[in-house]
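Single-structure report; data block below.
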Amino acid sequence: MSAPRTMLDKLWASHEVLRREDGVSLLWVDRHFVHEGSHHAFAKLAERGLPVAEPGLTFAVADHYAPTRDRTRIADPKIARMIETLRNNASHHNLRIFDLSDPSQGIVHVIGPELGLTLPGLLINCGDSHTSTHGAFGALAFGIGATEVAHVLATQTVWQRKPKAMRINVEGRLGFGVTAKDIALNWIGQLGSGGAQGHAIEYGGQTIRDLSMEGRMTLCNLSIEGGARFGMVAPDEVTLAYLKGREYAPSGADLKSAQKAWRGLITDEGAVFDREVTLSATDIAPTVTWGTSPEQALPITASIPSPDPTDPAKSNSVREALDYMALRPGQPLDGIPVDQVFIGSCTNGRIEDLREAALVLSGRRARVPGLVAPGSARVKAQAEAEGLDRIFQDAGLEWAASGCSMCVGMNGDVVAEGKRCASSTNRNFRGRQGRGARTHLMSPAMVAAAAVTGTITDVRPLLQGRAA
Amino acid sequence: MAGWSTQKGHALALAIDNIDTDQLIPARFMSVPRSEGYGRYLLHDMRRDDDEQLKADFPLNRHEGISILVAGHNFGSGSSREAAVYALVDAGIRAVIAPSFGDIFANNAINNGLLPARVDAEKVTQLQHALKDAPVLASIDLTENRLTIGDITATFELDEGWRVKLINGWDDIDLTQQHTQAINAHRDNRNRAAPWAWPNKPD
Ligand code: SF4
């Protein structure tokens, strides 16, 4: 009998072409996603005159710079050029591109799963740190830089040292109004933004098994904010049901053998992790960030912390964060006025996220302006079929086309200097949503609550009588 | 890319934790072709005011010719944008010394000849104190994983594979192309054992 193995061990073994003397592995890449930001990598390829090794495994999508209004005439020449460059590279290398007008267009980490391009057992790379999202299916998925993107394009492989294995177990039932986003912000708040550095996280426990695929994706997506390049959930019946009938997913006889292989991916009984952390779901409340790092997160019932004089390094960063965010120690989180809201991104721009936000907004008016950018054109169509777009618009929020939008502001959707935004995105870094923008991260339902009250607030009372 | 084993230059303290990639280079500058140079965008919003003028009180603005930075925890956390490394390299930085780095950033650094030297937190604080806000002559020796700043010497941690790569200035694509046969064999085996791993063609 061989020793019990983790899911990470199994995934690693099935992709390892070879291992160098120094322990670094050359891994086979099953799927490679590129976007407008990949222009540096294509330029490197052109410099060497190299072709794309496996165009059939490479997919291009316009998302980071995708305009969310009037796509037919792009006013900003810089943005138009970025999208045009992607088009040219895709057509030159014969890659399938999900262009602005494609009914399957959307944020790369939303459309991969939606199309069934993302599957359990695969190794997936993209020049974007939130590639960890795809690990929700039981895949080895991680973000890479431009030099590595060029390398994958040229060789369909990537050099990587195997990370340490970490398991985060979450047990028990999530409380009313508490979501996967809150689980993520909670553990990052506890372990820190570098807390899982060098580790691949497998999320386990009953709470995780009870999550939908959307929730699992949100959780895996945010793994990078805790320092981990990989976040994974073992495939189960929820995963298999999600994948059924997706156009790029296997069908017929292939599906049978695939499902058998996928079921075999789960961590063996008795396999050892380098590190294990257990959280209790009942301890988790709706959580918001107050500072400029995702680790600066607290339950909505808490107050802004004071710099700790016994820890000079930490107290410095707390002071700087408070200064940037224009907040005072001791101020309750609940009640901080916001200037605007944003719902979208690869973290929380899926249909379930929009439903949760709409549940809060239905029949209510937003006190502050806001933007809703669905994660993909399909999410948009689905939301419109369900009438969610009306709910958002009746509340006074703007309903836009899909793309990264205000998560990163590359397409021109930015938060103005000094403005405070309640946001369903993933990074509250200084300047992330625009120069001088102040970002508070929270779940889409909490963003909706902030819209309704004009302040950061607890969504739970607003959900009374509306949610199960 | 040229390799290097030793480096001499002026070190400066940037005693801030969590300098993430969005701070190293704000997203709005990332559409620029590399040939135009990324140095002027390094830490753009920290260094420049609304009128694009350099702020006089920012350490990096007060001194020229800095090639080594001593920074805080979790340097380069955040996005995979290699442009963060381009901004450092194009501004003349050859090494960053910090207690911890974002994983993808560190990878990107190595691919561009920039050393992410991990030094324990206490030592980093000591170095920052020694530097205060004036640059000090420093030297780095990759062959011995050692650095000297003023009269303080420290050893740093670096993945062995990365060290060899930095010294030799190796390019991964050249390296990998020697393994084309093994890659093809792996692909063919996988295709037989797991045909489902190839995308179904809907159209
Ligand atoms: S939505 Fe934000 S985090 Fe996600 S891929 Fe786009 S820019 Fe990156």
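Letters A, B, ... are given to chains in the order of the sequence lines, protein chains preceding strands, and every chain is numbered from 1. Values in this document were obtained by computation on a predicted structure and should not be read as measured data.
- Among the candidates Q156(A), E320(A), R81(A), E225(A), the residue making the largest number of heavy-atom pairs closer than 4.5 Å to chain B is R81(A).
- Of the possible polar contacts, none joining the R94(B) side chain to the L115(B) backbone as a donor-acceptor pair under 3.5 Å is found.
- Contacts with chain B were tallied for D128(A), N316(A), V149(A); D128(A) has the most, counting heavy-atom pairs under 4.5 Å.
- Among K78(A), E148(A), H130(A), the residue making the largest number of heavy-atom pairs under 4.5 Å with chain B is E148(A).
- Under the 6.0 Å cut-off for aromatic ring centres, F29(B) and Y38(B) do not qualify, their centroids lying 6.0 Å or more apart.
- Residue with the most contacts toward chain A among V32(B), T125(B), V164(B), D159(B): D159(B) (heavy-atom pairs, distance under 4.5 Å).
- Chosen from P33(B), P26(B), G78(B), the residue pairing most often with chain A at heavy-atom distances under 4.5 Å is G78(B).
- Each of R246(A), H15(A), H64(A) has some count of heavy-atom pairs under 4.5 Å with chain B, and the biggest count is that of H15(A).
- When R430(A), R229(A), E36(A) are compared by the number of non-hydrogen pairs under 4.5 Å with chain B, R229(A) comes out ahead.
- Between V124(B) and R118(B), every side-chain heavy-atom pair lies at or beyond the 4.5 Å cut-off.
- Side chain of N74(B) to main chain of F101(B): no donor-acceptor pair is present (N/O by atom type, distance under 3.5 Å, no hydrogens or angles).
- Classified by interplanar angle (parallel below 30°, tilted 30° to 60°, perpendicular above 60°), the ring pair H40(A)/Y86(B) is perpendicular.
- Using a 4.0 Å cut-off between a side-chain N of Lys or Arg and a carboxylate O of Asp or Glu, K55(B) and D57(B) do not qualify as a salt bridge.
- Counting non-hydrogen atoms of neighbouring residues, nucleotides and ligands closer than 6.0 angstrom, the CD atom of Q178(B) exceeds 12 such neighbours.
- Counting heavy-atom pairs closer than 4.5 Å to chain B, the top-ranked of the candidates M410(A), H39(A), E21(A) is H39(A).
- Only the side chain of R190(B) comes within contact range of chain A, judged by heavy atoms closer than 4.5 Å.
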